[in-house]
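The next block holds one structure in the form of structure tokens; read it before the comments.
Every chain is numbered from 1 and lettered A, B, ... according to where its sequence line falls, protein lines coming before strand lines.
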Amino acid sequence: MTGIGALVARDLALAVRRRGEAGLTLAFFVMAAAIFPFGVGPDPLLLGSIAAGVVWVTALLASTISLDHLFRGDLEDGSLEILVLDHRPLEGVVAAKCLAHWLATGLPVVALAPLMALLLNFDMDAWWVLVLSLAIGTPALSLAGSVGASLVLGARRGGALTGLVVLPLCLPVMVFGVGAVEAALAGRPVLPHILIEAAILVAGAPLALKASAAALRIAVE
Amino acid sequence: MTGIGALVARDLALAVRRRGEAGLTLAFFVMAAAIFPFGVGPDPLLLGSIAAGVVWVTALLASTISLDHLFRGDLEDGSLEILVLDHRPLEGVVAAKCLAHWLATGLPVVALAPLMALLLNFDMDAWWVLVLSLAIGTPALSLAGSVGASLVLGARRGGALTGLVVLPLCLPVMVFGVGAVEAALAGRPVLPHILIEAAILVAGAPLALKASAAALRIAVE
Amino acid sequence: MAEFLDMGGDAATVWPAYGVTIAVLTGLLVASLRTYARRRRDLERLERTGRDNR
Amino acid sequence: MPLRLHSLASPARFDRFARRILPWTWVLAALLIPCGLLWGLAFSPADYQQGDTVRVMYVHVPSAWMAMACYALVALLSASFLVWKHQLAGIAALAAAPVGACFTATALVTGSLWGLPTWGTWWVWDARLTSVLVLFFLYLGYIALAGSFDDRSRGLRAASILAVVGVVNLPVIKFSVDWWNTLHQPASVLRLDGPAIHASMLWPLAITAAGFAAFFAALLVVRIRSELLAWRIEALMRRRSAGAA
Amino acid sequence: MAGDGERPHLLEAANLACERGGRLLFEGLSFSLPPGAAAVVTGENGSGKSSLLRIVAGLLPATEGRVAWRGEDCRREPGRWRREMVFLGHLDAVKPALSVRENLAFWGARDEKLLEEMGLAALAGLPAAMLSAGQRRRLALARVAARPGGCWLLDEPAAHLDETSSGRLERMIGHHLAQGGIAVVAAHTARGLGDALPIRLGPGT
Amino acid sequence: MAGDGERPHLLEAANLACERGGRLLFEGLSFSLPPGAAAVVTGENGSGKSSLLRIVAGLLPATEGRVAWRGEDCRREPGRWRREMVFLGHLDAVKPALSVRENLAFWGARDEKLLEEMGLAALAGLPAAMLSAGQRRRLALARVAARPGGCWLLDEPAAHLDETSSGRLERMIGHHLAQGGIAVVAAHTARGLGDALPIRLGPGT
Ligand code: HEM
Ligand SMILES: Nc1ncnc2c1ncn2[C@@H]1O[C@H](COP(=O)(O)OP(=O)(O)OP(=O)(O)O)[C@@H](O)[C@H]1O
Ligand SMILES: Nc1ncnc2c1ncn2[C@@H]1O[C@H](COP(=O)(O)OP(=O)(O)OP(=O)(O)O)[C@@H](O)[C@H]1O
Ligand SMILES: [Mg+2]
Ligand SMILES: [Mg+2]
């Protein structure tokens with residue numbers, strides 16, 4: 001397992017080069033946040049009550065946007081073949097990619113969440129729950145996304161197909177993430193939701209990595 | 001200008017050829033919209049009040065998710081060089097690409113908007129405003145997207161700027177689009193918003209085409 | 001009989017529900033059987049014409 | 001593993017098995033479905049609250065069960081295809097998915113129809129309803145993915161992975177009524193402590209459900225055969241056109 | 001630059017210079033080609049063969065000098081200039097999702113004879129994603145073959161080709177030249193283009 | 001399959017068959033290589049050279065037959081098997097956003113000597129997007145050169161290379177073989193690999 005660290009470091013170095021992705025995610029996030037208050041109107045109560053949902057949904061959609069990048073560059077420049085043939089497990093490569101994807105799409109969302117919450121007039125006592133639920137949930141979104149991205153890699157085309165494949169996989173995480181925030185707002189215990197969310201992440205991660213790796217092997221055939 | 005028709009036809013053929021793509025895109029929209037209730041809860045009133053935002057954000061998502069494809073494939077397989085060298089103006093090529101992009105991502109949203117509005121309990125008296133605002137706004141999103149997509153190609157090191165370029169281009173369109181719907185719901189006159197939206201599209205289109213074409217020329221150098 | 005058809009005033013709910021279900025399932029059945037028959041014909045034709053060149 | 005032509009050319013054991021059970025399943029389906037539906041339509045009691053609309057239950061609930069059971073089966077078959085490389089399992093999953101999608105569609109439509117008189121609207125974004133919708137999309141995604149590869153066997157493998165991973169949604173559907181305050185009915189038949197509805201309703205329900213299951217089995221066999229033919233035809237055509245070179 | 005006797009020169013490059021990445025690849029490069037003539041550009045890796053072709057094609061602005069086609073500066077009259085100019089770079093410009101036949105149609109080449117000439121007839125219905133490297137290169141060449149008579153700019157056209165297909169390439173260029181077209185070909189050997197004007201570029205990296 | 005006299009064979013391929021797109025590319029193909037030996041795979045376009053290399057690498061499942069490295073089936077022991085296996089396909093696996101030096105580091109090759117051997121020292125700091133076709137191929141070769149001694153699978157390694165660099169490639173392979181490595185090289189000519197085991201594949205398309 002000694003090589004995995006090097007693997008992660010390498011993918012991160014590459015990701016840092018691609019700050020554009022983070023820019024796009026942020027832009028999408030900001031735009032979505034700017035658009036919602038319109039429909040709901042200035043009513044702070046109403047706005048606050050949907051804030052968590054809006055932030056979560058936006059995080060989910062933002063992470064889907066850059067999924068098509070995740071492996072396609074590697075496939076097209078031939079790197080994927082080499083990565084598949086690496087003596088270190090392919091799952092490690094996938095994990096590194098997911099981490100890079102999370103850093104570009106998940107982390108900015110987590111970091112921006114308090115600000116969004118403030119803008120959307122969210123009950124500020126519960127903001128840490130929102131941040132916590134996002135911090136646990138967004139890595140899971142990246143993992144689910146990597147499954148979808150790798151599955152459509154060998155297909156004739158991505159785009160809508162990626163979205164169609166990925167969104168159902170993301171649903172459970174989001175459900176419990178939002179659940180935690182809602183529990184906090186209603187004064188109910190938050191822990192059960194957070195624990196389930198964490199459990200999904202922990203149990204789902206190996207599955208997602210395995211599935212992605214298998215899909216990548218199919219893609220390079 | 002006789003060749004431009006052929007150009008458009010060709011790009012459309014490439015886009016349409018992928019059978020089932022349209023159906024897939026429609027399914028993707030409903031799926032994306034179905035995510036929202038999980039986030040903000042099932043309250044029909046609440047959903048109705050954010051319906052316009054949901055539809056618009058979904059439109060934005062659909063348009064951005066396939067933006068990276070718009071020219072990157074052409075750049076990497078070498079087609080872009082050939083397109084730049086075509087005797088017909090490059091702006092025509094860009095227009096054809098944008099049209100194809102819009103047909104694949106914008107048109108389905110416009111077509112589906114009434115159904116989504118119905119499902120999301122939107123005030124049905126205003127549905128035509130929603131459709132109209134989308135019909136004018138989504139082409140603008142495609143055009144703005146093409147500027148962003150072509151700019152990243154030229155930027156050597158990934159370009160942190162795409163998102164920041166696309167953001168100011170898209171935001172006004174979305175703001176006036178949603179604004180029109182809001183005005184309709186509040187019984188205020190719709191026309192000013194729609195007119196401004198249309199003005200952005202009409203004034204922006206040639207600008208966007210020129211900018212994209214210039215960026216593409218730089219990208220193939 | 002009319003009473004039965006009326007379904008206690010809920011005819012508009014009950015009959016379409018049964019109708020849709022039966023329609024979808026028979027549709028699927030017919031489609032599956034027809035594809036099956038078509039493919040059998042195709043394969044037979046393919047095997048009759050031309051030998052296998054390998 | 002690329003699909004070997006000869007391994008498909010004579011899935012003899014499947015054929016023998018199919019020949020044996022097919023007549024039975026057709027007969028069962030032809031008997032049970034009309035019987036259950038007629039019972040439900042004409043001879044079961046109307047509900048004291050819902051009146052005659054309750055009769056929708058006899059199509060809605062079996063459809064919903066089949067929708068979920070079918071997905072579970074698709075996932076199971078896909079898993080065994082991936083793990084043991086059992087080609088037939090993968091093809092069976094591919095054959096079963098459209099049937100499951102149809103059951104999901106009928107569950108959605110009948111549920112919507114039922115919703116109008118009982119909830120006053122034919123659609124709410126309640127967790128149960130939405131998660132069934134998501135199940136429908138999962139089926140669509142599986143079918144679309146399998147069909148969008150140039151090479152059938154690669155498409156099948158990719159789609160199988162999706163089917164297995166997509167299982168995470170089944171618990172969400174099943175327990176959505178418990179996790180959220182939904183409009184939708186909580187489980188009253190499939191409960192740990194036994195069914196909680198009256199026998200006069202349980203019987204037609206059970207008979208229709210059994211009939212649906214038999215119908216599904218029969219249809220599945222036909223569709224698997226058909227799918228096998230499609231693979232052989234394609235392989236033959238490929239070889240023909242390549243041989244012509 | 002004047003013509004070669006009575007035949008007017010179609011392509012004239014005068015005093016070209018190219019600087020890339022801070023390195024001067026070539027300067028003072030002039031050549032001109034009458035109808036039916038070919039030039040073969042050789043040189044080490046990084047000597048600027050591709051850069052020269054891209055300058056002639058108008059993809060890359062020259063650091064200095066000008067290129068004229070039928071006596072007109074290429075920068076001034078892009079429309080007329082480009083109609084007769086066919087460029088084939090290192091990349092094949094092949095769409096993997098389209099079949100071989102559809103790929104040709106995509107570039108406006110619908111003639112079935114092209115497929116035969118390039119030995120692609122048996123592969124016509126195959127998605128281009130399934131082609132081998134040499135088959136894909138042949139598909140790219142078929143696109144070029146569809147537009148004979150103008151100015152062909154071919155960058156290592158024989159890359160990945162086997163003997164048979166190299167022969168096809170030679171015939172294809174010969175046919176083009178016979179129709180009065182001109183060709184500028186970048187290659188590592190001048191083989192098969194014996195009587196072409198040799199352009200040797202400076203040291204590479 | 002037994003060894004060649006006393007030297008045990010490192011790579012053994014037995015009875016390989018490959019069917020792609022409905023066409024049987026080859027069948028009953030067996031060969032084995034002792035340490036220090038090379039094989040050169042030739043054949044027309046579409047004859048299956050790349051497919052064979054991908055099968056040996058473990059990227060593509062063979063339709064039939066098996067490949068063993070140091071006596072172990074490659075499918076069973078992927079970890080050990082792969083550590084010594086180096087694959088270079090038609091694509092260069094070069095990241096355009098990284099510099100030449102960073103590209104090598106990306107694949108775990110940090111030795112500055114590699115840059116020199118492949119004539120890349122002057123280009124080390126350049127973004128790989130700025131490389132010419134041959135320079136990019138050299139970068140890909142430098143990645144391979146960083147791991148001598150195992151099994152090299154090279155698909156047209158000399159594509160786009162000039163004379164000087166072809167010489168570098170030959171030296172590099174010679175050095176590798178001298179260290180007891182083995183190499184399977186797909187190429188259109190057996191040039192520079194005179195005493196390698198020739199594997200000639202059937203007709204192409
Ligand atoms: C589109 C709308 C609907 C959908 C998607 C839907 C979906 C489902 C599903 C998936 C089940 C199986 C649950 C399980 O086995 O645990 C189910 C069962 C059931 N549904 Fe619906 N349903 C809908 C509307 C309705 C309506 C309007 C009613 C009536 C008020 C209703 C009454 C029932 C009943 C009584 C059951 C049986 C529960 C049990 O005994 O386990 N459903 N539905
Ligand atoms: N986009 C670019 N930006 C800056 N410099 C470049 C760019 N592309 C190429 N160069 C540099 O220009 C020089 C010439 O490149 P060019 O591609 O013309 O070489 P070439 O003669 O075609 O070589 P090869 O035989 O390898 O194809 C190289 O040294 C390369 O580093
Ligand atoms: N992904 C694929 N799916 C189906 N068939 C393929 C695929 N890739 C290649 N083929 C087919 O397999 C045959 C052999 O391809 P391969 O790439 O092995 O040839 P090659 O000998 O390397 O040719 P070249 O000299 O052109 O590189 C070709 O006829 C090709 O059409
Ligand atoms: Mg070059
Ligand atoms: Mg090859």
Of the backbone (N, CA, C, O) and the side chain (C-beta and beyond), which part of E:Leu161 lies under 4.5 Å from a heavy atom of chain F, both, or neither?
both

Can you list every ring pair (Phe, Tyr, Trp, His ring centres under 6.0 Å) pair that touches residues 126-145 of chain E, not counting sequence neighbours?
none

Quick one: donor-acceptor pairs between chain F and chain E, under 3.5 Å, side chains and backbone, table format.
{"residue": "F:Asn45", "atom": "N", "partner": "E:Asp162", "partner atom": "OD2", "Å": "2.7"}
{"residue": "F:Asn45", "atom": "OD1", "partner": "E:Arg138", "partner atom": "NH1", "Å": "3.4"}
{"residue": "F:Asn45", "atom": "OD1", "partner": "E:Asp162", "partner atom": "N", "Å": "3.2"}
{"residue": "F:Asn45", "atom": "ND2", "partner": "E:His160", "partner atom": "O", "Å": "2.8"}
{"residue": "F:Gly46", "atom": "N", "partner": "E:Ser132", "partner atom": "OG", "Å": "3.4"}
{"residue": "F:Ser132", "atom": "OG", "partner": "E:Gly46", "partner atom": "N", "Å": "3.4"}
{"residue": "F:Gln135", "atom": "NE2", "partner": "E:Thr205", "partner atom": "O", "Å": "3.0"}
{"residue": "F:Gln135", "atom": "NE2", "partner": "E:Thr205", "partner atom": "OG1", "Å": "3.3"}
{"residue": "F:Arg138", "atom": "NH1", "partner": "E:Asn45", "partner atom": "OD1", "Å": "3.4"}
{"residue": "F:Arg138", "atom": "NH1", "partner": "E:Thr205", "partner atom": "O", "Å": "3.3"}
{"residue": "F:Arg138", "atom": "NH2", "partner": "E:Thr205", "partner atom": "O", "Å": "2.8"}
{"residue": "F:Glu156", "atom": "OE1", "partner": "E:His160", "partner atom": "ND1", "Å": "3.3"}
{"residue": "F:His160", "atom": "O", "partner": "E:Asn45", "partner atom": "ND2", "Å": "2.8"}
{"residue": "F:His160", "atom": "O", "partner": "E:His188", "partner atom": "NE2", "Å": "3.1"}
{"residue": "F:His160", "atom": "ND1", "partner": "E:Glu156", "partner atom": "OE1", "Å": "3.4"}
{"residue": "F:Asp162", "atom": "N", "partner": "E:Asn45", "partner atom": "OD1", "Å": "3.2"}
{"residue": "F:Asp162", "atom": "OD2", "partner": "E:Asn45", "partner atom": "N", "Å": "2.7"}
{"residue": "F:His188", "atom": "NE2", "partner": "E:His160", "partner atom": "O", "Å": "3.1"}
{"residue": "F:Thr205", "atom": "O", "partner": "E:Gln135", "partner atom": "NE2", "Å": "3.0"}
{"residue": "F:Thr205", "atom": "O", "partner": "E:Arg138", "partner atom": "NH1", "Å": "3.3"}
{"residue": "F:Thr205", "atom": "O", "partner": "E:Arg138", "partner atom": "NH2", "Å": "2.8"}
{"residue": "F:Thr205", "atom": "OG1", "partner": "E:Gln135", "partner atom": "NE2", "Å": "3.3"}

